[in-house]
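The sequence lines fix the lettering, A, B, ..., with proteins before strands; numbering per chain opens at 1.
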Amino acid sequence: MAKLAGIPIHIEQPEAEPQQFGNALPILNEIRHALARFAERAEPTRIDLAAIPFGPGDEERLMALLGRGEVEATIDALGPTRVWETRFPGVWVLDYANVEGERIALQIEIDEIPQMLRTQRADITDSLAALDAALASATAADPAAESRH
Amino acid sequence: MATSKTLGESLRQHGVSRRGFLKFCAATASMMALPPSMAPAIAQALEKARRPSVIWLSFQECTGCTESLTRSFSPTVENLIFDVISLDYHHTLQAAAGDAAEHAREQAMNTNAGEYLVVVDGSLPGPNANPGYSTIAGISNYDMLMDTIDGAAAVVAVGTCAAFGGLPKADPNPTGAVSVQDLVKDKPVINVSGCPPVPMVITGVLAQFLTFGTLPELDEYGRPRAFFGQSIHDRCYRRPFYDKGKFAESFDDEGAKAGWCLYRLGCKGPMTYNACATMKWNGGASWPVEAGYPCLGCSEPDFWDAGGFYKALSVPTGSPGDVLLTAGAVGAAVGVGAGLMSRNQGKQAAKHHDKVTADQLEEKL
Amino acid sequence: MTQGAHSFSVERGLNAWREEIDAPVAAFFSSCVHCGLCAQACPFFVETGDPKYTPIHKLEPMRLLWEQEFTLWGKLKKTVKDRVDAQLGRAPKPLITDEMLEEWEPLLYDSCSMCGRCSMVCPVGNDIHYMIRKAREGMVASGHSPEGLVAASVRAVNTGSPMGLQWKTLDVQIKHVETATGLEVPIDKQGAEYLVLLSSMEIINFPEYLEAITKIFDHAGVSWTLSKTCFEATNAGIQIGSKDIAATLVQRVVDAAEQLQVKNVISPECGHAYTAIRWEGPNAIKRAYPFKVYHIIEVLDQLRADGRIKTEGKEMDRLSMHDPCNLARKSGVVQQQRSLMDLVASNFVDLKEHGEFQWCCGAGGGVSSNERAEPLKLAAFKRKKAQIEEVEPERMVTMCATCRTQLEEGLEEFNMDIPVVGLTEIIADHLVEKEVENKKAEES
Amino acid sequence: MTPMDFLLLTKGPLFSLAIAIFALGILIRLFEIFALGRAHNYAAARGNEVIPGLKTMYRRFNPDPGTFKRSTFDVVVGTLWHVGFVIALLMFIPHIELIKSTLGVSWPGLPNPVVDAVTAITLLGLVAVLIHRLTHPVKRFLSTPQDYLIWAVTFLPVLTGYLAYHRLINPYPLALGLHIFTVEIFLIVLPFTKLTHIFTAFVARYYNGAIFGRKGIQS
């Protein structure tokens, strides 16, 4: 029996180029069709990348192909969600992570602005109420206000 | 029991914003293998969903399934789901022990009669086997299962042992192990197979139940199609190599290093239906094939006895080479014997040859 | 051993088949997949369209015997069948009955000229005509052979000629040839290089053949002879399919050749005579010959190659050629006749399928001696007719008296004005005259 | 019996049984033929026997122009499905693995989409030849129940293989089991029917070539 130390171990250098398993291009095609649909009918699309059998390197290749555009945002809710527009305007990447920074979902969204970034109606209503409350309490606390009446 | 609060309320109590909730729904949709466009429907349903009571029974098992579930990085969406279910009995996880634990189970059954979910991991000795092989609090697994499912809405068999018998049932099956579906005939049984199952698949099934209050569509083996609808082979990122005929021939050859197909190393991907290839393991880090290891087919019935982990799927289990040689040798011997008999027949015929003469022919005219 | 008039029986026929079944037959029967391609190679099927004329079907009774008696599987099946019959108390049905053989008689004789074309196209490689020849052994022994062939066989054995021709008839011919040519026809010349055989049909229908070879052999300085004891080359035993009769007839040739101590025997312009003496004869008498056997065309081509035949002038009309099956496909003589044609024809055109893939005239294999087969013989000729029409020759050349007769009769039947000539005669017509030749030699 | 039980049965004992019957049967058939032998030929040979015999073994794959013209369908479709069958049998990687495990020899396979296309063509070809057999006067006349039986046992492995590959039968172990099972039927039936032509055709062709070759003709 070989001693443990006798078993040769050599560490291979990580390859410079990520290996390609050919799954990035089909997604890019799907994005292209979604973008065409949006241009014609203003129909948004969301693509869940969890359902795609990516091999190692496929995701990096796709992201490299999509590149980065002008907009970038972070939403802080249940952990960070990073949102950025790719170099193809209208094509967004949404990278959802939990509070520990581990990814829980990765999506591509084709829209003018991703759903996640929009403020929801209910929140606006709540926000109006909150603002009113803030105003009321501010007014109550301001002695100068009464003197104006 | 906390079934009165809806999931929406529960989440908001946890300080989850609407954007957070939307994110949660997007992740849930992804987990349930639903299209992202389903997220609003999920949001709507989840707002109103109530916390179901869950009773988790562990029989002849290795706790690997529970490990799979609880060892996933926390806090994840899976855990959020767990926060909103009421896990009323799980003898590995719960603090109570002995009579108190059993009491909790009985109480949950009574309070939520007809509505609770039973999750089972592990196979159990069948009704004809010696019940002593596995008991909890002096109760045989069989009795406990039959008693508990009585008022259940549905049963979820988690792991290949519960779903198909798994390791305990493997040849020669000393404990007479059977699967849950072998015993439970009058309740819906959902099999979430795998050894262990992908954690997100377990929670995905629970999420579906509490989101829509319905059971998922099942395949021939009672598994949710959403996760078990496609074979590992069909979703494998190494599939193009299979199609091109590029194979790793051993675990350390150039093909293995280049990430070629593992069919020849015994990969059972073509006959295995599971979500590993897309959902992956350890928070999406990797999965067996990506790690260079052939799929064992652990989510399939009788995978332990399916002819060897490192034998290619198409390879017969016996030793056909020997059979071929033996039968061939016997065939050759018998053939020569039979042929010589026939040849002798010809010789005998020649001996009895009756010469045709012109005189004989002439008399015919 | 049975003797006498009524000795022919199914059992005797089956016994003959048992003698005939060998490894090739077993391989052939094991391989047939009923694809029917052999039918497309058979003029009798092609021109009648009747599937029963499919060549392999003609062998079905022999195949049944092979399967039951020459395969372990067949023997097992028979044992089981017999057991079942015994259990049910019924008599086992015979595998092959007299009625069956009677039904197959016309298939094996009237609709098969043993041309061997099917053997060339069978995709699994079955040599069907090899088996037909063997099957006929059993047909003779079971008493199911056509009257015409039986009569020809009897005449051949009893008179020395299938047509009952006597030496004196030939003698008249010889005198005639000698007068016409001024040359001697050698008879019973000891130690001659070649013993020349003739066929009765030639002597009666095409006397010009004897004259032609007399001239050619004189021209080329060949030492040859006829034999008074045996002039007949044809072998009715081969046609009817009886190696016993065949052996008797071949033995006469061998005796004559050995008596005259010739080195070679020449078969005339007759296809079946050639295959009979060349290929079947030694096996019928079970010994190799002390002499060689040639078809006249082979001899002429050898003389040509040796420069011993000098010709002048060429036929100017459009000539085509019919290869006799027995000579080309069944004996490998294909190039020789073409080399000879080049010598004497300026406008020669081959039929589209020729040589080993030629089509039979329809008269071979005993069909021409079988009056019952007359309509089928004419039907099969239509294939040849179609081939001839494709190339539109002014005359046809052949080198087999049976083929030549069939072509002449067939073309006349269809009112086609295309004369048929023998190749040997054409060569004889173009020989350089001796005196001229001598003069030329003196001049140079 | 579960689908996996069925698969294991077909991959294990049934497969061993099938190849035992196949090997026993086909060797009996072949030796039965060879043992019959050939009578000594006394006629002086014009040509060689061995070389033309071997040539004919190959040449009958490639029919003469006249036969091609007269039987175009048989030649084209017949060749097509035979070649397709052999390619699917010998060039599909899982099959090569099976052969390697049984006989210890292996060779590179073809890409699956190629084998898939070839299999589809083979299936169509087989259906076409069945229709041809049912409609062509000579073929219909010659055909016996055995001809239809061997068509079926040839068609089924190809069909089930195609269905299994495309997962048109579920669950997969059942699909694969059915495929292997139909192959076993094929192997068992082979030695006792004219499927023996797979082997004996080459013997027959050799004899044909040798008989003609001796007379100086390449058949």
Derivation of the side chain to side chain contact (heavy atoms under 4.5 Å, CB included) call for C:Phe70 and D:Glu32: CA-CA 8 Å; C:Phe70 289 79; D:Glu32 247 177 1; over 6 Å; no
C:Glu356 vs D:Lys215, salt bridge (charged side-chain N to carboxylate O under 4.0 Å, His left out): CA-CA, chis, key distance, verdict: CA-CA 12 Å; C:Glu356 66 263 42; D:Lys215 298 175 183 174; over 6 Å; no
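A donor atom on one side chain and an acceptor atom on the other are not found under 3.5 Å apart for D:Asn208 and C:Asn126. With hydrogens and angles left out, the side-chain atoms of D:Thr196 and C:Ser30 include no donor and acceptor closer than 3.5 Å.
Put simply, CD on C:Glu60 and CG on D:Leu142 are 9.0 Å apart, with the number rounded to the nearest 0.5 Å.
Between chain C and the options D:Thr56, D:Thr67, D:Val203, D:Asp147, the largest number of non-hydrogen pairs under 4.5 Å is found for D:Asp147. When each of C:His57, C:Gln40, C:Lys286 is checked for heavy-atom pairs under 4.5 Å with chain D, C:Lys286 comes out on top. Looking only at heavy-atom pairs under 4.5 Å with chain C, the residue among D:Ala210, D:Gly216, D:Pro137, D:Ala201 that has the most is D:Ala201. Considering only heavy-atom pairs separated by less than 4.5 Å from chain C, the leading option among D:Ala44, D:Ala35, D:Pro63, D:Ser219 is D:Ala44. Per-residue counts of heavy-atom pairs under 4.5 Å with chain C were compared for D:Arg70, D:His197, D:Lys194; the largest is that of D:Arg70. Contact count versus chain C (heavy atoms, under 4.5 Å) is highest, among D:Leu30, D:Ile28, D:Asn41, for D:Asn41. For the set C:Pro123, C:Ala39, C:Gly36, the count of heavy-atom pairs under 4.5 angstrom toward chain D peaks at C:Pro123. Contact count against chain D (heavy-atom pairs under 4.5 Å) is highest for C:Ser331 among C:Gly116, C:Ser331, C:Cys32, C:Ala288.
Residues C:His34 and D:Arg133 form a side-chain contact, since some pair of their non-hydrogen atoms from C-beta on lies under 4.5 Å apart. Here the side chains of C:Met120 and D:Asp64 are not in contact, with every heavy-atom distance at 4.5 Å or above. Using a 4.5 Å heavy-atom cutoff, the side chains of D:Arg46 and C:Glu298 are in contact. No side-chain heavy atom of D:Tyr207 sits under 4.5 Å from any side-chain heavy atom of C:Asp127.
In this pair, D:Phe192 and C:Trp73 present their aromatic rings tilted. The plane angle is within the 30 to 60° band. The aromatic rings of D:Phe212 and C:His129 sit tilted, their planes meeting at an angle between 30° and 60°.
When heavy atoms are compared at a cutoff of 4.5 Å, D:Arg140 does not approach chain C at all. Contacts between C:Phe45 and chain D at a heavy-atom distance below 4.5 Å involve the side chain alone, from C-beta outward. If you measure heavy-atom distances from D:Gln146 to chain C, you find no contacts under 4.5 Å at all. For D:His132, no part sits under 4.5 Å from any heavy atom of chain C, backbone or side chain. For a residue to count as touching a neighbouring chain, one of its non-hydrogen atoms must lie under 4.5 Å from one of that chain's; by this rule C:Lys352 does not touch chain D. Residue contact with chain D, scored on non-hydrogen atoms closer than 4.5 Å, is absent for C:Tyr289. Of the atoms belonging to C:Cys122, heavy atoms from both backbone and side chain fall under 4.5 Å from chain D. Looking at C:Thr71, both its backbone and its side chain come within 4.5 Å of chain D, counting heavy atoms on both sides. In this structure, the portion of C:Val334 lying under 4.5 Å from any heavy atom of chain D is its side chain and not its backbone. Residue C:Lys292: no heavy atom, backbone or side chain, is found under 4.5 Å from chain D.
For D:Tyr148, the OH atom counts as densely surrounded, since its 6.0 Å shell holds more than 12 non-hydrogen atoms of other residues, nucleotides or ligands. Within 6.0 Å of CG on D:Leu90 lie more than 12 heavy atoms contributed by other residues, nucleotides or ligands. The environment of D:Lys55 atom NZ is sparse: at most 12 non-hydrogen atoms of other residues, nucleotides or ligands sit within 6.0 angstrom. Within 6.0 Å of NZ on C:Lys77 lie more than 12 heavy atoms contributed by other residues, nucleotides or ligands.
Between the side chain of C:Asn283 and the backbone N or O of D:Tyr42 there is at least one donor-acceptor pair closer than 3.5 Å. Although no hydrogens or angles enter the test, the distance criterion places a donor-acceptor pair under 3.5 Å between the side chain of C:Ser31 and the main chain of D:Thr200.
The pair C:Glu353-D:Lys69 does not meet the salt-bridge criterion, since no charged nitrogen lies less than 4.0 angstrom from a carboxylate oxygen.
For the residue pair C:Ala26 and D:Leu36, the shortest heavy atom distance occurs at CB-CD1, 3.6 Å. Of all heavy-atom pairs between D:Arg214 and C:Trp279, the closest is O-CH2, 3.8 Å.
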